[in-house]
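Values in this document were obtained by computation on a predicted structure and should not be read as measured data. Counting from 1, the numbers follow the sequence of the chain as shown.
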Amino acid sequence: MFEAAQRSLPPVDYVSMIRSLYADRRVMMLGALSSALVALVAGLEANSWVTLCIAGAFVVVGVARNIDMKSFEKAKLADDDVAGAARWERRATVGAAAIAPSTASGWPTASFSSTRRSRRWRAFR
């Protein structure tokens with residue numbers, strides 16, 4: 001059965017785990033922007049406005065998550081503040097849930113559905 005980490009871990013460990021979610025803002029931003037760049041190139045190559053919109057979604061969500069991570073850096077979270085860590089955990093979950101549809105289903109679906117419209121694809125027919 002699933003048990004929430006905030007209940008099963010000691011407070012210091014739980015807060016430390018939540019801090020690790022916000023540990024490296026640059027890597028998260030680099031991942032979002034590199035995904036946006038690749039989706040942009042794919043959208044331009046396939047002439048797919050849907051893929052271009054997904055590239056824009058990567059940028060918007062990446063910037064929003066970056067702002068959230070800056071807010072976490074400014075926040076004072078005590079080593080035993082489980083309630084505060086739980087709020088930050090929910091915010092991190094919302095950020096991850098916002099980028100997941102673009103990465104997991106939106107981008108692949110748009111890419112595969114627009115492949116036939118690509119100029120290069122037509123050259124191999």
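In this structure, the separation between CD on Glu73 and CG on Asp68 is 10.5 Å, given to the nearest 0.5 Å. Of the inter-residue distances, the one linking Ser35 atom OG with Leu40 atom CG reads 12.0 Å to the nearest 0.5 angstrom. Taking CG of Asn66 as the start and CG of Leu30 as the end, the distance is 11.5 Å to the nearest 0.5 Å. Tyr14 contributes atom OH, which lies 14.5 Å from atom CG of Asp79 (distance to the nearest 0.5 angstrom).
The cluster map of Ile, Leu, Val, Met, Phe, Trp and Tyr, joined by side-chain heavy atoms under 4.5 Å apart, puts Val60 and Leu33 in different clusters. Val59 and Leu37 fall into different hydrophobic clusters, where Ile, Leu, Val, Met, Phe, Trp and Tyr are joined by side-chain heavy atoms under 4.5 Å apart, directly or via other members. Residue Ile18 is grouped with residue Leu9 when hydrophobic side chains (ILVMFWY) are merged at heavy-atom distances under 4.5 angstrom, including chains of intermediate members.
The aromatic rings of Trp88 and Phe72 lie perpendicular to each other, with more than 60° between the two planes, well past the 30° mark.
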Exercise for review: Take Arg65 and Arg25, measure what side chain to side chain contact (heavy atoms under 4.5 Å, CB included) needs, and give me the verdict at the end.
Suggested key: CA-CA 9 Å; Arg65 292 183 77 190; Arg25 189 168 40 95; over 6 Å; no
**Study point:** Stepwise side chain to side chain contact (heavy atoms under 4.5 Å, CB included) check, Thr51 with Glu45
**Key:** CA-CA 10 Å; Thr51 308; Glu45 180 64 28; over 6 Å; no
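Side-chain atoms of Asp80 and Val15, non-hydrogen and from C-beta on, never get closer than 4.5 Å to each other. Side chains of Met69 and Leu21 form no contact here, defined as non-hydrogen atoms less than 4.5 Å apart. Looking at heavy atoms from C-beta onward, Tyr22 lies in side-chain contact with Arg91 at the 4.5 angstrom threshold.
Here the closest heavy-atom approach between residue Ala32 and residue Gly62 is recorded as CB-CA, 3.7 Å. Shortest non-hydrogen contact noted between Ala98 and Val61 is CB-CG1, 4.0 Å.
Side-chain N or O atoms of Ser71 include one that pairs as donor or acceptor with a backbone N or O of Ile67 at under 3.5 Å. A distance-only check finds no donor-acceptor pair linking the side chain of Ser16 to the backbone of Asp13 [under 3.5 Å].
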